[in-house]
Structures are given as structure tokens and as C-alpha cells.
Amino acid sequence: MTATLTPPAAGSAASVRAGAVPRRRTRLLALPEVRWAAAATALFLLALPLQLAGAPAWIWGPLYALSYATGGWEPGWEGLKELKDRTLDVDLLMVVAALGAASIGQVMDGALLIVIFATSGALEALATARTADSVRGLLDLAPATATRIATDGTEQTVAVDELEVGDTVLVRPGESVGADGRVLHGASEVDQASITGEPLPAAKEPGDEVFAGTLNGTGALRVRVERDASDSVIARIVRMVEEASETKAPTQLFIEKVEQRYSLGMVAATLAVFGVPLAFGEAFSEALLRAMTFMIVASPCAVVLATMPPLLSAIANAGRHGVLVKSAVAMERLGQIDAVALDKTGTLTEGAPRVVDVRPLHERGLDEAELLTLAAAAEHPSEHPLARAVVDAARERGLDLPAAEDFTSAPGIGVRAVVGGRTVEVGTPARLLAEAEIEAEAEAEAEAERAADADGVVAALARELEESGRTAVLVVVDGTPAGVLGIADRLRPDAAATVAALTVLTGTAPTLLTGDNPRAAAHLAAEAGIGDVRAGLLPQDKVGAVRELEGAGRRVMVVGDGVNDAPALAAAHIGVAMGRAGSDLALETADAVIVRDELAAVPATVALSRRARELVVQNLVIAGVFIAGLVVWDLAGTLPLPLGVAGHEGSTVLVGLNGLRLLRDSA
């Protein structure tokens with residue numbers, strides 16, 4: 001049962017462009033594999049208690065028969081089609097084994113085999129459908145239309161697919177950018193979190209690059225289109241997710257080869273067990289009984305249960321502790337990793353800017369509380385993330401904020417308001433200092449010198465904060481600098497402990513992959529104990545970093561939360577998404593989701609996976625010993641059918657109970 005990510009159909013993309021609302025999530029029962037598996041399971045659960053209660057066979061027998069039909073017809077039919085192409089897979093073998101078990105009275109055993117394989121196929125189909133839904137939904141990040149400026153200066157509303165390289169588009173305040181391009185005119189701040197993961201909007205002015213699907217702030221921009229819609233960063237993210245999903249096919253091909261050899265060997269051995277004694281004069285019924293006994297004792301039921309119960313128990317245990325692992329394959333891969341790549345914003349950090357430094361210039365006569373009160377009062381009407389951080393900091397300290405009057409906001413510069421009769425400006429130090437110098441030139445020479453001295457102190461203070469990874473925000477009162485605020489995204493409380501635990505588990509310290517600036521990334525990485533820092537990365541750069549590690553023979557786990565992390569999550573050996581602020585695509589692309597947003601759950605789940613792998617090995621040894629012993633007994637002597645069934649079922653129960661040990665909280 002193999003599946004790959006299906007690219008979105010052209011029709012669906014067209015409907016998005018036309019303004020239709022696409023259905024992003026495939027309904028559970030819309031998948032035929034889910035419907036057939038559910039029917040087979042329900043019928044099995046109806047028949048089993050009736051059989052155990054001693055009801056007549058004519059009551060539970062038809063229910064088992066229907067369970068065989070509903071759960072086994074699809075893998076059986078697909079197996080027959082493969083057989084037509086001279087390929088024998090293990091799914092068909094399991095259907096034959098189930099029918100063989102039923103032919104000698106072991107109806108329940110055969111039905112259980114059918115249910116196990118039908119459920120596995122349904123889960124695989126559902127996971128594939130969910131990922132494809134998210135990839136299609138990603139296209140909605142880009143707007144359906146854009147405002148194009150014609151050569152005569154008139155404005156035209158056109159579909160973004162109609163934009164060509166060299167066109168000029170107008171991006172009004174609050175609109176999404178329609179195409180990748182470069183700013184020709186205007187200034188604003190653009191929220192690029194969907195592309196770079198940067199928590200704060202980026203100031204944009206003529207010459208700066210902008211990306212389709214990012215959100216414009218309060219200024220108007222004129223942008224020259226530099227890429228077709230099909231080659232935008234968003235479109236490339238979609239393609240990278242699809243391509244990375246398909247790169248897992250070699251592993252699937254290896255498994256299919258193993259299935260092929262096992263299937264051929266099983267069929268050949270069963271025919272030999274039946275045919276050879278028959279040729280030497282053994283009675284037909286005895287030869288058939290021996291062959292059916294062989295098929296039962298050699299059936300891989302115990303092998304299947306050797307693998308699944310430990311992994312499913314680990315999945316259930318992880319789920320109770322806030323970690324959603326999407327499949328048994330994902331749980332197994334978690335224990336195989338030997339390298340970790342972490343995103344910064346929203347993963348290693350809390351993902352929200354906070355005021356961490358308040359530095360008043362004491363010659364202005366203001367203390368920390370007064371400086372923060374004035375800044376927060378001026379910022380209160382603003383919706384900028386930095387403004388919200390300043391206001392939140394004042395509220396956390398219990399400060400009363402006076403009303404602000406005559407509020408104005410200038411994109412890329414800051415805000416201005418009158419607070420308690422004083423004019424307060426809060427914004428970018430470089431811009432506000434430049435304005436202060438211009439105003440000082442009109443004053444007396446002595447006043448200009450004092451202003452220059454103050455500007456030097458402020459510039460040094462801002463530089464000190466920025467070098468330590470903070471975003472510096474200047475507060476100017478009545479035209480004179482009054483202090484500087486340092487704003488930063490705070491490291492998660494458990495980040496350093498998580499990095500240390502992952503280092504112990506893998507033998508090497510994690511790598512930090514971020515779209516943030518190098519200074520902020522390096523400062524945060526040092527706090528967390530990470531030495532390998534790769535900053536300023538776009539989505540394709542993160543994928544390149546993952547492939548570089550894998551090219552060195554490493555099995556990489558990527559932990560992230562944003563759309564920009566999705567390609568790396570898909571390309572990695574295992575992808576883990578942070579659940580609270582994770583984008584839809586990251587949550588669907590990842591193999592595991594940290595639902596409670598506790599970073600320390602990552603190394604705990606890796607350790608749990610390794611414990612599950614140990615139990616899998618134990619179970620395979622137990623199953624192998626039982627199967628080999630029973631097969632040798634059947635071939636070398638006469639294995640009574642009841643004893644063969646007891647041995648087979650006993651090994652199955654034993655490995656199942658051993659795997660269930662991971663359900664305990666202590667695991």
C-alpha cells in the first residue's frame with residue numbers, strides 16, 4: 001500500500017483564482033479506503049462477541065463473510081491486477097492466507113488479518129489526502145486579483161495570473177502583495193511571516209524585494225513584477241513540498257521488493273508442502289491439511305503485531321502527553337534520527353515580541369516607569385506588533401496609560417502623539433534621530449551641540465541593544481531623545497534543556513535554521529546552546545541545508561511551525577511541527593505535531609520512539625522463534641492443527657502484550 005502526494009489539479013487552482021472558496025479538507029468518509037475499512041471493522045466487532053458467546057455459526061458466519069468481502073476485496077483486486085503484471089505483493093498473500101485460514105475453520109483469524117490490513121490502507125490514504133488538501137490551500141495565501149498600473153497611469157483590476165514580468169502593481173494598505181517583485185515607490189511595513197518566519201513586519205522602501213502572499217501594512221506601494229505567478233516563492237514552496245514527499249519513494253520501493261520476495265517464497269513453500277508429500281503417495285486430505293497448517297503457522301500475523309503494538313502504544317502514550325504522531329512509520333523514524341534542525345521564531349522562541357530592556361536617558365529626568373508609560377500611551381492606538389509589545393509591557397507592570405491625542409503613524413518611521421501635553425514620538429532610532437538633527441539645525445548653536453551629544457549617546461545605546469539581538473525603539477519627548485526600548489522574541493523556558501537533551505540523544509548539537517537576521521539568531525542560539533547558526537534563509541535555503549546534512553549521511557529531524565518551514569519538514573527524515581501557532585501546511589506536512597506547544601516534548605518523544613524500536617526487535621525475535629519452530633515441526637514431523645493454531649495465536653498474543661507495555665505513563 002503506497003501513496004504519494006497528489007499535485008493540485010489545474011481546475012482547483014483556476015477556481016481559486018476565480019474567487020471560489022475551495023474545499024481544503026477531504027471529508028473522512030469521502031475516501032473509499034476509509035469506508036471499506038470501517039465497514040470491515042464494524043462487521044468483525046459484531047461477529048466476534050457472538051462467536052465467543054457460543055451463538056450458532058449461521059448468525060456470526062455471514063458477518064465474518066461480509067467482513068472478508070468489505071475489507072479484502074480492494075487489496076485482493078489490486079493484488080490480482082499486480083499478478084496480471086507478474087508481480088505478487090504481500091496484500092494479496094494476506095487475503096489468500098485469510099481465506100486459507102477460513103477454509104480450515106479459523107474464520108476469526110482470517111478476519112482479523114483482513115481488518116488489520118484494511119485499516120492500515122485507510123490511514124495511509126487519509127494522511128495522503130490531508131497533505132494534498134493543505135498544499136492546495138497554500139495557494140490561497142496569494143490574492144486572486146491585483147491592481148495593475150497601465151502605461152497611461154490608469155488602474156486596472158486583473159487576475160494575478162495575467163500579470164507579466166515588468167508590470168507595475170499598486171498594493172494598498174492592508175492588501176496582500178499579488179506578485180514577487182521590487183518596490184518602485186512608497187514606504188510601508190510588510191508582514192513576511194508566511195515566507196521568512198520573521199516575527200516583525202519588515203520595512204520596505206524603493207529597491208526592496210517583496211513576495212506574493214505577504215501582507216502590506218499602513219503605506220501604499222508600487223511594485224514592479226519580477227516573477228511569473230507560477231514561479232513565485234509561494235508556488236515554489238508548493239512544488240518543493242510535492243517533490244520532497246516523492247523523494248520517500250525509494251524506501252517504499254525497497255519495502256515492495258522485500259514483500260515480493262517474501263510473497264513468492266511463501267507461495268512456493270506452501271505449494272511444495274502440499275505437492276511433495278502428495279507426489280510420494282500421501283493422502284490428498286492429509287497433504288492439504290499439512291499445507292494449510294503451514295500457511296497458518298508461517299502467516300506473518302505475529303510479525304505484523306511485533307511491529308504495530310509497540311509503535312501504536314507509543315503513539316497513544318505520546319498523544320496523552322500532548323504529541324500527535326501521525327503514523328507508525330513516523331514513530332519509528334523518530335527513533336532513527338541523528339541530527340536535528342530547529343526553526344527559531346515560534347519554535348525555539350515564543351514567537352511574540354516582548355520588551356526586555358527599558359533604558360531611559362537620566363538627564364531627561366525620566367525613570368523606567370515614566371518612559372514606558374509615555375511610550376505605551378503613544379503606541380496604544382497602533383496595531384503594529386512592536387506597539388502591542390510596548391503596551392503589553394506597560395500593562396504587565398500595572399502602569400496607568402493616559403489618553404493620547406493627535407495620533408499619527410508613518411510607515412517605516414514610527415508614531416507620534418500628544419500625551420499629557422507632551423509630544424511623544426516612538427519609532428526607528430535612525431529615522432527619528434535624522435529628524436531631530438534637522439530640527440536642531442534651526443536652533444541655536446549650543447542647543448545643536450547638546451542635541452548632537454544626546455544623539456551620539458542614543459545611537460551607541462541602540463547599537464548596543466541591536467548587537468545583543470534586540471530591536472531598538474527610540475522614545476523622543478518634545479523633540480529630545482528620552483530613552484530606548486529593547487524588544488526581542490523571548491526564548492522558550494525549556495529551550496536550553498531541550499537542546500541539551502537532543503544533543504545527548506543524537507550525539508551532535510542541533511542546527512538553527514531561520515529567516516531572521518544573523519545578529520538576533522546568533523544571540524538567541526548562544527542562549528540556547530546552539531553553535532551551528534544559519535540565518536537569513538528562505539524556504540528553499542532551509543531545504544538545501546537539510547539536504548546538505550542528509551548528503552553527509554545524517555538522518556535529520558526538522559522542528560518548525562510556519563509555511564516557510566513546510567518544505568524542510570517534508571524533505572527531512574522526520575518533520576515535527578509546533579501546534580499552537582503552526583500554519584495549516586506545516587501541521588499537515590509534519591509527521592508529528594507538538595499539540596501542547598511544549599518544546600521539551602520533542603526529545604521525550606524521540607526517546608519513546610527508541611524504546612518502541614527496542615520492543616519491536618524483541619517482538620521480531622519472539623515471532624521469528626515461534627514461526628521457525630512451528631514451521632520446522634510441521635515440515636519435519638506432524639504438527640497437529642490445534643497445536644499449530646495455539647502456537648501461532650500464542651506468539652501473536654505474546655508479542656501484542658509485550659508491545660502494549662508502552663501504554664504505561666512510566667514509559
Side-chain angles (χ1 to χ4, degrees), residues 200 203 353-382 384-410 412-488 490 519-520 523:
L200 302 176
R354 293 176 178 269
V355 175
V356 293
D357 286 289
V358 180
R359 304 282 187 90
L361 300 178
H362 295 291
E363 57 269 21
R364 289 290 296 156
L366 298 176
D367 59 19
E368 290 187 9
E370 292 170 330
L371 178 67
L372 188 56
T373 297
L374 291 175
E379 292 275 29
H380 189 268
S382 174
H384 194 284
L386 289 181
R388 291 196 294 271
V390 174
V391 174
D392 289 344
R395 286 174 174 165
E396 288 173 3
R397 297 191 183 198
L399 303 177
D400 293 326
L401 303 185
E405 301 174 351
D406 300 329
F407 173 83
T408 58
S409 175
I413 298 177
V415 303
R416 174 181 296 193
V418 176
V419 180
R422 290 187 283 186
T423 301
V424 180
E425 298 170 89
V426 185
T428 307
R431 297 290 181 87
L432 292 184
L433 289 177
E435 289 187 356
E437 288 178 2
I438 294 174
E439 293 177 1
E441 290 177 358
E443 304 293 336
E445 183 176 344
E447 185 67 27
E449 289 180 2
R450 285 195 296 272
D453 291 340
D455 289 355
V457 173
V458 170
L461 189 54
R463 187 164 51 252
E464 176 189 339
L465 290 173
E466 289 173 351
E467 287 176 354
S468 63
R470 273 69 164 152
T471 297
V473 175
L474 175 62
V475 182
V476 176
V477 179
D478 292 330
T480 304
V484 181
L485 307 179
I487 299 179
R490 191 163 61 184
R519 280 187 307 192
H523 177 77

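Every heavy atom of this structure was used, including side-chain atoms; hydrogens, water molecules and symmetry mates were not. Please read these numbers as outputs of a predicted model, since none were measured by experiment.
The shortest non-hydrogen separation linking I487 to P353 is CG2-CB, 3.7 Å. Contact detail for V477 and A482: the closest heavy-atom pair is CG2-CB, 3.7 Å. Counting all heavy atoms, side chain and backbone alike, L401 lies closest to A394 at CD2-CB, 3.9 Å. Shown here for V424 and A378, the closest heavy-atom pair between the two residues is CG1-CB, 3.9 Å. Shown here for P381 and A377, the closest heavy-atom pair between the two residues is CD-O, 3.8 Å. When all heavy atoms of V419 and A404 are compared, the pair lying nearest together is CG2-CB, 4.3 Å.
Residues E425 and V475 have side chains not in contact (no heavy-atom distance under 4.5 Å, counting atoms from C-beta outward). Using a 4.5 Å heavy-atom cutoff, the side chains of L366 and L374 are in contact. At a threshold of 4.5 Å between non-hydrogen side-chain atoms, the residues V473 and L386 count as touching. Within the 4.5 Å cutoff, no side-chain heavy atoms of D357 are placed close to those of L485. Contact annotation: the side chain of L474 approaches that of P481 to within less than 4.5 Å [non-hydrogen atoms, C-beta and beyond].
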Using the side chain to side chain contact (heavy atoms under 4.5 Å, CB included) rule, take V484 and L465 through it: C-alpha gap first, then chi angles, then the decisive distance, then the call. CA-CA 9 Å; V484 181; L465 290 173; 3.5 Å; yes
What verdict does the side chain to side chain contact (heavy atoms under 4.5 Å, CB included) test give for E370 and L399, after you've listed the backbone C-alpha separation in whole Å, the side-chain angles of each residue and the deciding distance to 0.1 Å? CA-CA 9 Å; E370 292 170 330; L399 303 177; over 6 Å; no
Evaluation steps, side chain to side chain contact (heavy atoms under 4.5 Å, CB included), between R416 and T423: CA-CA 7 Å; R416 174 181 296 193; T423 301; 4.0 Å; yes
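With respect to E379 and R388, no salt bridge is recorded, no charged nitrogen being found less than 4.0 Å from a carboxylate O. Using a cutoff of 4.0 Å between basic side-chain nitrogens and carboxylate oxygens, E368 and R359 are not scored as salt-bridged.
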